[in-house]
Participant: 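My structure is below; once you've seen it, I'll send some questions.
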Amino acid sequence: MSADMSEVQMDWLDLTAFCEVAKHASFTKAAERMHLTQPVLSTRIRRLERMLGVELLHRSTRRVTLSQPGHRLLRHVQGLRQSWHHAVADVTRGDIRFTVATTIPELCSLAAATNHHFPHLRVEYELRIPGTALPAVGAGFDAVQGADPLFHNVVPPAQVEIGTIVHEPVWVMLSEQHPLAAHSRIRLHALSDEAWIEAPESSDELIAICIEAGFVPDIRYRSRTLPAVDLIQACNAVSLIQARVPAPAGCVTRPLDIDVRRHIFYAWHSGTPQSIVRFQYDFLRAGYRKLAFRNPAYRQFIESEPQRFAELHNTV
């Protein structure tokens, strides 16, 4: 039976007790953390359940698990905690730690810009590998700029919201002397006999793309930084590249005949104040647009597809 909202009174200690039991999946460990006896802790949980009119935990002799209402309540309480910390900082103007990460190095200025715009925040920053940013939100990080692995729609953790920056195309980089360099768009299968350069963590992505085109790539060189330009310049190798990256001297970048795009996003904990979210989201979209327009070919590509790049076209 649902609780009468007029009779619901929040007791922060009861909510804290619930969160500790959920975190440790154990009444014993939660009681130790809160310096309470187990009967007192159990009383707090049952009082909370009675007040809400729902069962929050499934109890057995071996383990404690969250019910569906319990999962929902936990997400809300985590958001309340985050909002409370930001509220205290806003009222007292005391510094509060705000941790942010990006996976695109050129967007690291997000930290300094946030600190300048919100002087009461003590902003900390970390550059993360693509694919590792999203799980960090709520686990030490307040917000991140991240990128999904190709062909995977990553589900955000509880209490995490996501806004799209862009779906960035994957292009190919090759020598300007390469016979295919004169083409405005390159058929991937035409590169089936080439040697490839790829970062170790994205080799599986390259293999998956090439298998779709009917061949297995010959990955002969591995590098985590910008592909070995001298190998490409000498027509000894080709490489996949983010469309935003300008071609170095002696090289060209070209779109592929298959439309493969990586979702680049901004993710934040739902308890983050909307003023910070709006500022960072706008900053990242504008920052990405500047990066993208450094590559004339990519700028032309973006401007030719206004519907596919709506987020960037709506950026000032």
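Basis for what follows: all heavy atoms, side chains included, without hydrogens, waters or symmetry-related copies.
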Participant: For the pair Asp218 (side chain) and Ala195 (backbone), establish whether a donor and an acceptor sit closer than 3.5 Å, ignoring hydrogens and angles.
Facilitator: no
Participant: Does the ring of Phe27 carry Arg59 above it, NZ/CZ under 6.0 angstrom from centre and within 45° of its axis?
Facilitator: no
Participant: Side chains of Ser203 and Glu198: any donor to acceptor distance under 3.5 Å?
Facilitator: no
Participant: Parallel, tilted or perpendicular for Tyr266 and Trp268, by the 30°/60° rule?
Facilitator: parallel
Participant: With side chain to side chain contact (heavy atoms under 4.5 Å, CB included) as the criterion, how do Leu231 and Arg220 come out once you've worked through the C-alpha distance, each side chain's angles and the decisive distance to 0.1 Å?
Facilitator: CA-CA 11 Å; Leu231 290 169; Arg220 212 172 296 177; over 6 Å; no
Participant: Rounded at 0.5 Å granularity, tell me how far CD in Glu126 sits from OG1 in Thr132.
Facilitator: 7.5 Å
Participant: How far does CG of Leu180 sit from CG of Leu191, to the nearest 0.5 angstrom?
Facilitator: 6.0 Å
Participant: As an exercise, state the distance from CG of Leu206 to CD1 of Ile219, rounded to the nearest 0.5 Å.
Facilitator: 4.5 Å
Participant: Please tell me whether Gln145 and Tyr288 have a donor and an acceptor in their side chains that are separated by less than 3.5 angstrom.
Facilitator: no
Participant: Does the pair Phe283 and Leu107 meet the rule for a side chain to side chain contact (heavy atoms under 4.5 Å, CB included), with working shown?
Facilitator: CA-CA 9 Å; Phe283 182 92; Leu107 295 178; 5.6 Å; no
Participant: Start with the C-alpha distance between His269 and Val137, add both sets of side-chain angles, then the distance that settles side chain to side chain contact (heavy atoms under 4.5 Å, CB included), and finish with yes or no.
Facilitator: CA-CA 6 Å; His269 191 277; Val137 183; 4.2 Å; yes
Participant: Between Phe118 and Phe279, does the ring centre distance come in under 6.0 Å?
Facilitator: yes
Participant: Does one side chain, of His178 or Glu194, offer a donor that lies under 3.5 Å from an acceptor on the other?
Facilitator: yes
Participant: Find the distance between CG (Leu73) and CG (Leu15) and round it off to the nearest 0.5 Å.
Facilitator: 6.0 Å
Participant: For Asp193, does the CG atom have more than 12 heavy-atom neighbours from other residues, nucleotides or ligands under 6.0 Å away?
Facilitator: no
Participant: Do we see a donor-acceptor contact under 3.5 Å between the side chains of Thr114 and Gln280?
Facilitator: yes
Participant: Please confirm whether the backbone N or O of Glu55 pairs with a side-chain atom of Ser67, one donor and one acceptor, at under 3.5 Å?
Facilitator: yes
Participant: Look only at the side chain of Thr272 and the backbone of Val277, and say whether a donor-acceptor pair between them is shorter than 3.5 Å.
Facilitator: no
Participant: I'd like to know if the side chain of Arg262 and the backbone of Glu168 have a donor-acceptor N/O pair within less than 3.5 Å.
Facilitator: no
Participant: Could you measure the distance from the CG atom of Leu66 to the CZ atom of Arg72? Nearest 0.5 Å is fine.
Facilitator: 11.5 Å
